[in-house]
There are 2 protein chains.
Amino acid sequence: MSEARATLKDVARRANVAVSTVSRVLNGRPGVGTAVRERVLQTIDDMQFRPNTIARGLRIQRSDTIAIVTDDLEGIFTNAMMRGVEEVAWEAGVGVLLCNTYGDAERERAQLARLLDKQVDALIFMSGNRVGRRAEPAVPIPDGVPMVYLYEYGDPSVASVLPDDQGGAEAAVAHLVETGARRIALLNGPSEWEATQDRLHGYERSLASAGLPLSDELVVPSASWDPEDAFAAMGMLLAASPPIDAVFCASDDLATGAVHAIREAGLRVPEDVQVVGFDDRSLAVHQRPALTTVALPLLEMGRCAGRLVLDGINGEAPVPGIRRIPCELRVRASTRPKAVGP
Amino acid sequence: MSEARATLKDVARRANVAVSTVSRVLNGRPGVGTAVRERVLQTIDDMQFRPNTIARGLRIQRSDTIAIVTDDLEGIFTNAMMRGVEEVAWEAGVGVLLCNTYGDAERERAQLARLLDKQVDALIFMSGNRVGRRAEPAVPIPDGVPMVYLYEYGDPSVASVLPDDQGGAEAAVAHLVETGARRIALLNGPSEWEATQDRLHGYERSLASAGLPLSDELVVPSASWDPEDAFAAMGMLLAASPPIDAVFCASDDLATGAVHAIREAGLRVPEDVQVVGFDDRSLAVHQRPALTTVALPLLEMGRCAGRLVLDGINGEAPVPGIRRIPCELRVRASTRPKAVGP
DNA sequence: TTGAAAGCGGTACCAT
DNA sequence: ATGGTACCGCTTTCAA
């Protein structure tokens, strides 16, 4: 039924030129007379010719494909990052292959082997939700294949893209200060997570630059990221005296638990204690009150990682080291809009 | 530094055999003496030879790659489905390419053109969140390329995979009946969504088979999937008399709004009115009370779609028509555990 | 400016 | 049971 796809050779024959000529016009290379070029272009159009990328790839040793290797395809944060990667890859005409390793080294080994066999041009290692630093790739990555870590903490000799947790925390606390809060608590994440340290530092810096005292009793890590544990941790914070008037939570889930605890204690948000979260998951905006939170720049992180490897493909090896992408504060109803007079 | 990758030819030379022989052992084809086979295998191992998939693909006209084309990569339901596809594809040794069209036909056209140039072996059209039927692919898909719709409503002549919305709704209502509920309301989704009809039917069937009367005043569609609109809609349901003792909501978000309205009315969940949702988003389990809900079989849907196209690649063209994947009821705390005596 | 031909790294048919 | 070799579809010297 449907004709076999036209090949370059078919076009050449039909246009009465050599295949090399067709190839030249196809790639916009010089050395083709205007008349001939016109004719070839016309023929290409007539025959609906589309070059076979595989053949081209075989010849020039490029697959125009990069791969995202992740340990958790269903991770809460993966979509947005993937979209960022896909977006810039698309613009560059390269495809994005997906790989889920389930965090299993053996599987990662197999996946990488296969990807390398497929001649992927570059690799992005993306974390779904990782605690601690990732091990080096389960298979040595050949020199020519650029790779970057996306939301992964690992060997500093590889380029990696991370959110600016510290900056985000600073912005959150600064906002709280502006709204008049003075006793600002930090309901932090479990301490073994990398981001936890960074957010603590941001908190501390922001307090310091506002001339506010740092108090150990105002900082408590939650046992996990679960709202339930946050609920418990918030209990301690609520026992502080003098009482706190704001709490910065290291995630939206934690904030959910915190809000719950605050209400349970007969207090109001934001009138009695203001709350700001981190991540800006969709639940943040739907919560009551809508949660002021620090948005993770996932899309931009994906784009950044994509650009890095794309540049890498074009020769500029990604320079090692960490890129911190700024987080944006989204002010909503769980904090007061402006400073309140004394 | 790193040696160029060994090729089949290199192996042949080193093992003192013809390339065709190496190819034979590589593909486990018969017609190779045991001794020679041994030697070749050994050489392959020694040289760390791995066949170039691109070259192979060029020759046998297969890329061992399928593509997921979606209108919304960040859709709430996409991850799990993608993982299902990736999972079965992986087992079959085929890669999964990702494409986001943003629901834009022009972009879809460009994407498909590119994918076809890349010789993808099959296509899965996946919806992020679609209302109504999708248009046919923006580019005619060649005969040899199997395709399936995943969570897409569209041309019935293409194989498509959908959740069994009706069955899920039936199960939800049946559960409510078992727990003793008699005045069961349906807080449905916006009526222009396909699933809304199906869930209504399930509700009706389940009620009928329980011998319970159907009452128009107990069925109200929400203006949108937003919890806020559900809150409003729930107001009407709460005004019914005699009062309802349970509500089946067509989504977890709707259920969130419903629970809120119920509480606002001074009623308790599940003591006064039981609530069941649909989807089983992560918020369902974290909600208070934890939400009984009908889980969308996203992973299995992805697997199913994957298997369909994979079979298609191997010759068995996916038979047209809709596959309904069963939904599973997850009983939690927003419904009573068992029937309560009179 | 244009064409011929040698690959890229495999597969598969045809001899031997 | 093996080897030789013509492709797959495109790029890229090298000559003309």
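Everything numeric here is computed off the predicted structure, so don't read it as measured data. Residue numbers start from 1 in every chain, and the chains themselves are labelled A, B, ... in the order their sequence lines are given, proteins ahead of strands.
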Kindly give the atom pairs (protein nitrogen or oxygen, nucleotide nitrogen or oxygen) under 3.5 Å for nucleotides 5-7 of chain D.
{"from": "D:dC7", "atom 1": "O2", "to": "B:Arg59", "atom 2": "NH1", "distance (Å)": "2.4"}

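Within 4.0 Å (heavy atoms only), A:Arg29 reaches sugar-phosphate atoms of the nucleic acid but no base atom. Nucleic acid contact for A:Val22: none, since no nucleic acid atom lies under 4.0 Å from a heavy atom of the residue. Among the protein residues, A:Ile60 comes within range of the sugar-phosphate backbone only, with heavy atoms under 4.0 Å from sugar or phosphate atoms but none that close to a base. Using a 4.0 Å heavy-atom distance criterion, B:Arg50 is classed as a sugar-phosphate-only contact. When heavy atoms are screened at a 4.0 angstrom cut-off, B:Gly33 is found touching the sugar-phosphate backbone but no base atom. In this structure, A:Asp10 reaches neither bases nor backbone, as no heavy-atom distance under 4.0 Å exists between it and the strands shown. Looking at heavy-atom distances under 4.0 Å, A:Ser23 makes contact with a base.
In the set D:dG9, D:dT11, C:dG3, the nucleotide with an atom closest to the side chain of A:Leu26 is D:dT11. For A:Leu8, counting side-chain heavy atoms from C-beta on, the closest listed nucleotide (D:dT11, C:dG3, D:dT12) is D:dT11. Comparing D:dC10, D:dC8, C:dC8 by their closest approach to the side chain of A:Ala55 singles out D:dC10. The nucleotide whose nearest atom lies closest to any side-chain atom of A:Val32 is, among C:dT11, C:dT2, D:dT2, C:dT2. In this structure, of C:dG3, D:dC10, C:dG10, it is D:dC10 that holds the atom nearest to the side chain of A:Asn52.
For the residue pair A:Arg83 / B:Tyr102, a side-chain donor-acceptor distance below 3.5 Å is found, with atom types taken as modelled.
The pair B:Asp117-A:Arg5 meets the salt-bridge criterion, since a charged nitrogen lies less than 4.0 angstrom from a carboxylate oxygen. A salt bridge links A:Arg307 with A:Glu300: at least one charged nitrogen is closer than 4.0 Å to a carboxylate oxygen.
Within the 4.0 Å cut-off from OP1 or OP2 of C:dT11, not a single side-chain nitrogen or oxygen of B:Gln61 is found. OP1 or OP2 of C:dT11 has at least one side-chain nitrogen or oxygen of B:Arg56 nearer than 4.0 Å.
Atom CZ of B:Arg5 and atom P of C:dC8 are 15 Å apart (whole Å). Rounded to whole angstrom, the span from the CG atom of A:Asn16 across to the P atom of C:dT2 amounts to 13 Å.
Map B:Leu58 and B:Thr21 each onto its nearest nucleotide of DNA chain D; the residue landing nearer the 5' end is B:Thr21.
Considering only residues two or more places apart in sequence or on other chains, A:Trp193 meets the ring pair (Phe, Tyr, Trp, His ring centres under 6.0 Å) condition with A:Trp225. With sequence neighbours excluded, the residues forming a side chain to side chain contact (heavy atoms under 4.5 Å, CB included) with A:Val32 are A:Thr21, A:Arg24, A:Val25, A:Val36, A:Arg37, listed by chain and number.
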### side-chain contact (heavy atoms from CB on, under 4.5 Å) between B:Leu116 and B:Val120, worked out
CA-CA 6 Å; B:Leu116 263 12; B:Val120 293; 4.3 Å; yes
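By the 30° and 60° cut-offs, the orientation of the rings of A:Phe77 relative to A:Tyr151 is tilted.
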